[in-house]
There are 2 protein chains.
Amino acid sequence: MNLPIGELSRRTGVKVPTIRFYEQIGLLPSPPRTEGNQRRYGKPEVERLNFIRHSRELGFEVEDIRELLEMAASPQASCHQADSIARNHLTEIDRRIASLTALRGELNRMVEECGHGRICDCRIIEVLADHGECVTEHAH
Amino acid sequence: MNLPIGELSRRTGVKVPTIRFYEQIGLLPSPPRTEGNQRRYGKPEVERLNFIRHSRELGFEVEDIRELLEMAASPQASCHQADSIARNHLTEIDRRIASLTALRGELNRMVEECGHGRICDCRIIEVLADHGECVTEHAH
DNA sequence: CTTGATCCTCTAGTGGCTAGAGGTCCTAGA
DNA sequence: TCTAGGACCTCTAGCCACTAGAGGATCAAG
């Protein structure tokens, strides 16, 4: 286990520049280097990076992940905080789903009502302009 | 109708710096100025900005809006392109909703299984640390 | 010892704004 | 007419989470 960054990338599915970026923002600790200044990683880094990747896939923000990582490192502590982070995130997801669903409805209506004729009869443009007529553009 | 930027902002619900930003990226034409170099807007700008705001609320990207505005300006043209933009956007929204819904399921399971005890028994941390693949899709 | 894949650092760009500094203009009231 | 203070101006930098590219060094196989 003395992996160069490309191998770490392959094993975790996180792109190389992203790994370096995570190091830069302090999400991944700086690993030891070879004499020629190249990063070499061990098993703990693979695990930590997988944790990060999985959290990002679930939509947690970097600041959340920082906290979650700290918690994961102190197994005797209460998990109340982790629960709270996850619950807040769940609420946010629900909010986003609701908002997107409403949007979907409006978009769908818009598309279905489009008569495929000319712009001046197009419901899409009409809805966006939010008044009965076609919008007139002014050159600039 | 010779509105200063703050009044345009009030009438459209678009913040002042955002209006200036839209001008900078060429979404809104540069309006005439007073002798003292302050912007003055007329009715067409109010309408155009409302169009932009409404489009943004529906999640269209600036490049899409640019095209939609152009189309709106040529009322005799076919609305095929507007339809296509809107349909693509709808597909994208559907993709996002599906992805968020899957996520919601996983998060919910995670939170429900958390025993509110110590970190070392916490399902949240455990799931995040897990090497197994639960989610394959990215949360945009 | 050479080749070429991989690695390094650094800067800048992405989208769609938002914040702040430091200064000018406009307008209503005294 | 003066003045106060709110609204306006430009410019730069910051946000998030990366991504792209330049220009060069290192590593491992043959």
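We name chains A, B, ... by the order of the sequence lines, and we start the count at 1 in each one.
Heavy atoms of B/Arg20 sit under 4.0 angstrom from at least one base atom. Looking at heavy-atom distances under 4.0 Å, B/Arg10 makes no contact with the nucleic acid at all.
In this structure, the nucleotide among C/dC7, D/dA17, C/dT9 sitting nearest to the side chain of A/Arg39 is C/dT9. Residue A/Ile5 has its side chain nearest to C/dC7 when only D/dT19, C/dT18, C/dC7 are considered.
Across the protein-nucleic acid pair, A/Glu23 atom CD and D/dA17 atom P stand 18 Å apart, rounded to whole Å. For the pair A/Ile19 CD1 and D/dA17 P, the computed distance is 17 Å after rounding to whole Å. Residue B/Phe60 contributes atom CZ, which lies 17 Å from atom C1' of C/dG16 at whole-angstrom precision. Taking atom CZ on A/Arg53 and atom C1' on D/dA17, their separation rounds to 17 Å, with Å as the unit. Distance CZ (B/Phe21) to P (D/dC9): 17 Å, rounded to an integer number of Å. Between the C1' atom of C/dC17 and the CG atom of B/Leu49 lies a distance of 14 Å, rounded to the nearest Å. In this structure, A/Asp64 atom CG and D/dC16 atom C1' are separated by 13 Å, rounded to whole Å. Counting to the nearest Å, the P atom of D/dC15 and the CD atom of A/Glu63 are 11 Å from each other.
Looking at heavy atoms from C-beta onward, A/Val14 lies out of side-chain contact with A/Ile52 at the 4.5 angstrom threshold. Here the side chains of B/Leu3 and B/Val46 are in contact, with some heavy-atom distance below 4.5 Å.
In this structure, A/Arg33 and B/Lys15 both approach DNA chain C, and ranking their closest nucleotides by distance from the 5' end singles out A/Arg33. Between B/Gly6 and A/Tyr22, the residue whose closest nucleotide on DNA chain D is further toward the 5' end is B/Gly6.
With sequence neighbours left out, the side-chain contact (heavy atoms from CB on, under 4.5 Å) criterion links A/Pro17 to A/Lys15.
Between A/Arg10 and A/Glu7, at least one side-chain nitrogen of the basic residue sits less than 4.0 Å from a carboxylate oxygen of the acidic one, meeting the salt-bridge criterion. Contact check on A/Glu23 versus A/Arg20 returns no salt bridge, with no Lys/Arg side-chain nitrogen under 4.0 Å from an Asp/Glu carboxylate oxygen. Remark: A/Arg48 does not engage A/Glu45 in a salt bridge, criterion side-chain N to carboxylate O under 4.0 Å.
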So which protein nitrogen or oxygen atoms get under 3.5 Å of nucleotides 26-29 of chain C's nitrogens or oxygens?
residue, atom, partner, partner atom, Å
C/dC26, OP1, B/Thr34, OG1, 3.1
C/dC26, OP1, B/Gly36, N, 3.4

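Within a 6.0 Å sphere centred on CD of A/Glu70, heavy atoms belonging to other residues, nucleotides or ligands number 12 at most.
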